[in-house]
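Below, each value reflects all heavy atoms present in this structure, side chains not excepted, and no hydrogens, waters or symmetry copies. Per chain, numbering begins at 1; letters A, B, ... match sequence-line order.
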2 protein chains.
Amino acid sequence: MPKMSDVARLAGVSTATVSRVLRNPDAVKTGTKEKVLEAIHQLNYQPNMLARHFRRTETKTILVLVPNIINTVFAEIVGGIEEQASKNGYRVLLRNTARKLEREYGSIEHLKQRQVDGMIMLSPQLDEATLNEISSQFPIVLATANLETPKIPFVSIDNVSSSYKATEHLIRLGHKKVGHITGPMDSLLSRHRNEGYRKALGDYGLDIDEQLVRRGHFSYESGFEQMMDMLGQNHVPTAVFAPSDEMAIGIINAAKEHQLRVPEDLAVVGFDNIRFASMFNPSLTTIAQPLFKMGQRSMELLLKKLNGESISQTEHLLPDELIIRDSCGARKKGKLLHN
Amino acid sequence: MPKMSDVARLAGVSTATVSRVLRNPDAVKTGTKEKVLEAIHQLNYQPNMLARHFRRTETKTILVLVPNIINTVFAEIVGGIEEQASKNGYRVLLRNTARKLEREYGSIEHLKQRQVDGMIMLSPQLDEATLNEISSQFPIVLATANLETPKIPFVSIDNVSSSYKATEHLIRLGHKKVGHITGPMDSLLSRHRNEGYRKALGDYGLDIDEQLVRRGHFSYESGFEQMMDMLGQNHVPTAVFAPSDEMAIGIINAAKEHQLRVPEDLAVVGFDNIRFASMFNPSLTTIAQPLFKMGQRSMELLLKKLNGESISQTEHLLPDELIIRDSCGARKKGKLLHN
DNA sequence: TTGTATGCGTTATCAA
DNA sequence: TTGATAACGCATACAA
């Protein structure tokens, strides 16, 4: 492997000049520059990035902390981050936390050891105080995370209003008994989605029937189980809002087990608009989060931090959208009205 | 940030000793070791990894090249790689090629510049000659890839036999007109799956009806479109083998559009056993690839290469499994038989 | 078992 | 505009 000094010798200049040609070409006379470039080409020289990183104490690498890479929601965000990062000469280091708190803590070591220049945390579980502490020392950005008192830039959607919108949609379709299976309540995001649901019911003068509100954790299984249980009671909803599409599918499959038709006997609205939402039968009415864009935006914010630019705003709520498909019954209703 | 010399001073030893405590503790007397560790603790010293990497010309980082991170198949393999990597002190750098050949080429620069110690390529598109060329210079391993003349370690399943198994299953259920929608035929993997399909038909004395063999590219859309087209003809299969679950779902939805019942009117077998396969209606009979394990194994092989161990075998075919669910009709048949 | 001294390849400072 | 040279922080060969 040729090194800078080899290039310098061949070009008849000093290593300093070679370095300049690479990093600050305008500071070198055209003639010398050409000689150097020619030598670089001839030797097929590649700078030793390890030396450069060491010398400059920067890695051009960012760390992305993912609770679960197999989850398509996170995978899509990572896609957006990766795209924006490589566009700007940054590389993406991936770390799966498997939702283990100690792994989130562990990632701080990476930053301290200067292994990465910054970090994006997807749905972090660390408490705000700790996050603020980290953020005061290193460039970090959060995604699909909300903060009670935002001091760190984060990218999300407005989970309260989106859930409101989803629930309202069901209410407007005439449902009085709208149930909800929540995400884990230690997550602010879940609490927000729960809040939006309750607010909508309240605004439309509907009482909240706590028997129709169950606790789950975003998964298919929890949706299926909670719904099976609910349908085992004599007290049954005509519509359910689920905080994830996976859960919505679990709910629908539970309904099918009980010989209920969806949407005729039970209307369901999900959340995320995963790829399979449109392939499922019935296709899911759901809230679409702009996941890829959220990834891009997170990286943009991190780039600003890395470049020392100031970020005026910490809260970056991207627009979500209610996608109306078949699971809520709106389309069938529409057809009936037009017949 | 305290450095090694700070620790050395505080502990009253030389930097060499501190370095030894960190990297080769057995070479240091217990007493000194304790002094040093105490100093490290007191100063909250973290080694500067950039310096270490530079000095040792290794990064403890590997590159994973992914055709598409949003695809759950790849995401799951990456999960396995990540798990095995972090278990062994390696970090995973992710690079999305978006199936662009130039990005695969570009990744070679990463290796040349010593930015990573090795690379795992998922379903690479580069030709074997180029791959061999890279492999002769750098530690690389391939996953979900097969090679005509294996010179590089790769992890895969036996795509011929698995497809044979899937097709055979349909034939044994009594189907004579078994169709197949292929993946892209420039991929050896697709050709293998096609080969298994043809072999099964041949072995069971069934003629291959080329009208029932269509070309697709693994996607839902291609499955849907090709099946819609096939069902538009007067010449229709009673069973179809699809080389991906997404495609199988597309096929099933196309069948539903044509008022066909699955599996009664059309039996379908997919491939991959994605998470959604069991949630879909009907649940998919499919070939399960041990994706997470394949990721782990790939990393294990790369670790061997990185440690200079010899790899006796280049071909690592992991066992796949035919998962029988509802889309093929075997369960219903079984029920009938027992009634 | 420990310390001394040197170098890894690049970049930044300073002087020319 | 260029060159000489000194770092950057750690690891190792060699000496003690």
Side-chain angles (χ1 to χ4, degrees), chain A residues 1-40 43-61 89 91 109-117 308, chain B residues 1-40 43-61 89 109-117:
Chain A
M1 277 282 126
K3 52 180 87 162
M4 201 175 259
S5 56
D6 298 324
V7 176
R9 197 176 323 113
L10 182 60
V13 298
S14 73
T15 59
T17 301
V18 177
S19 179
R20 282 187 203 105
V21 170
L22 260 45
R23 298 198 46 79
N24 185 16
D26 294 340
V28 183
K29 201 162 54 169
T30 320
T32 2
K33 199 176 346 190
E34 277 167 6
K35 273 194 304 185
V36 171
L37 289 172
E38 170 58 24
I40 286 175
L43 294 172
N44 190 21
Y45 165 75
Q46 299 270 15
N48 180 329
M49 292 313 235
L50 292 163
R52 175 179 290 180
H53 292 332
F54 166 52
R55 183 53 233 246
R56 297 179 49 86
T57 45
E58 71 171 15
T59 59
K60 287 288 179 185
T61 305
R91 312 176 306 170
E109 306 301 294
H110 262 64
L111 289 161
K112 280 194 188 155
Q113 297 171 347
R114 313 202 177 301
Q115 304 210 55
V116 293
D117 298 344
Chain B
M1 277 281 125
K3 52 180 86 164
M4 201 175 258
S5 55
D6 298 323
V7 176
R9 196 176 323 112
L10 182 60
V13 297
S14 72
T15 59
T17 301
V18 178
S19 179
R20 281 187 203 104
V21 170
L22 260 47
R23 300 200 44 80
N24 185 19
D26 294 339
V28 182
K29 201 164 53 169
T30 319
T32 351
K33 201 177 344 191
E34 277 165 5
K35 274 193 303 182
V36 172
L37 289 173
E38 170 57 25
I40 285 175
L43 294 172
N44 190 21
Y45 165 76
Q46 299 271 12
N48 179 330
M49 292 314 236
L50 270 60
R52 177 179 285 182
H53 291 332
F54 166 53
R55 177 57 232 251
R56 297 179 49 85
T57 49
E58 70 170 16
T59 60
K60 287 287 180 185
T61 305
E109 305 302 296
H110 261 63
L111 290 161
K112 280 194 187 156
Q113 297 173 345
R114 313 201 178 299
Q115 303 211 53
V116 292
D117 298 344

Notebook entry, point to check: Counting any heavy atom closer than 4.0 Å, what does A/M4 reach on the DNA or RNA strands: base, sugar-phosphate only, or nothing?
Noted result: base
Checklist line | Base D/dA11 to side chain B/R52, donor-acceptor N/O within 3.5 Å cut-off | finding: no
Notebook entry, point to check: Over how many whole Å does the gap from B/Q46 atom CD to D/dC10 atom P extend?
Noted result: 11 Å
Check: For the pair made of CG in B/N48 and C1' in D/dG9, what is the distance, rounded to whole Å?
Finding: 6 Å
Notebook entry, point to check: How long is the line joining CD of B/E34 and P of C/dT2, in whole Å?
Noted result: 12 Å
Check: With a 4.5 Å heavy-atom cut-off, do B/L22 and B/M4 have their side chains touching?
Finding: yes
Margin query: What's the closest nucleotide to the side chain of A/R55 if the choices are D/dT12, C/dT10, D/dA4?
Written below: C/dT10
Next item on the list: For residues B/Q115 and A/H53, determine if any side-chain heavy atom of one lies less than 4.5 Å from a side-chain heavy atom of the other.
Entry: yes
Margin query: Is the shortest side-chain heavy-atom distance between B/V28 and B/V13 below 4.5 Å?
Written below: no
Notebook entry, point to check: B/T32 near the nucleic acid: base, sugar-phosphate alone, or nothing, with a heavy-atom cut-off under 4.0 Å?
Noted result: sugar-phosphate
Note to self: Side chain of B/P47 only, heavy atoms from C-beta on: which candidate in C/dG9, D/dC10, D/dG3 is closest?
What the structure shows: D/dC10
Item checked: Pair B/N44-A/K112, side-chain contact (heavy atoms from CB on, under 4.5 Å): steps then yes or no -> CA-CA 10 Å; B/N44 190 21; A/K112 280 194 188 155; 4.1 Å; yes
Next item on the list: Could you say whether B/G31 or B/T57 is positioned toward the 5' end of DNA chain C, judged by the nucleotide with the nearest heavy atom to each?
Entry: B/G31
Margin query: Using a 4.0 Å cut-off on heavy atoms, which residues in residues 17-26 of chain B reach DNA chain C? List them by number, or say none.
Written below: B/T17, B/R20
Check: Is any side-chain N of the basic residue among B/R9 and B/D6 closer than 4.0 Å to the acidic one's carboxylate O?
Finding: yes
Check: Would you say A/Y45 reaches C/dT10's phosphate, i.e. side-chain N/O to OP1/OP2 under 4.0 Å?
Finding: yes
Check: Roughly how many Å is it from NZ in A/K60 to P in C/dT11, rounded to a whole number?
Finding: 13 Å
Next item on the list: Check every atom of D/dC10, C/dT10, D/dG3 against the side chain of A/K3 and return the nucleotide holding the closest atom.
Entry: C/dT10
Item checked: D/dC10 pyrimidine/purine six-ring stacking with B/F54, under 5.5 Å and 30° -> no
Item checked: Distance-minimising heavy-atom pair for A/R114 and A/T57 -> CD-CG2, 4.3 Å
Check: Tell me: CG of A/L50 to C1' of D/dA11, nearest whole Å?
Finding: 15 Å
Note to self: Measuring from the side chain of A/V13 (C-beta onward, heavy atoms only), which nucleotide among D/dA11, C/dG3, D/dG3 has the closest atom?
What the structure shows: D/dG3
Notebook entry, point to check: For the residue pair B/A11 and B/A39, what are the closest heavy atoms and their distance?
Noted result: CB-CB, 3.9 Å
Next item on the list: Check the distance between D/dG9's P and B/L43's CG and give it to me in whole angstrom.
Entry: 15 Å
Next item on the list: Please report the C-alpha distance between A/R52 and B/Q113 in whole Å, then the side-chain angles of each, then the deciding distance to 0.1 Å, and finally whether the side-chain hydrogen bond (donor to acceptor under 3.5 Å, both in side chains) criterion is met.
Entry: CA-CA 10 Å; A/R52 175 179 290 180; B/Q113 297 173 345; over 6 Å; no
Checklist line | Integer-rounded Å distance: C/dG9 P and B/H53 NE2 | finding: 17 Å
Next item on the list: Find the distance B/K33:NZ to C/dT1:P and express it as a whole number of Å.
Entry: 9 Å
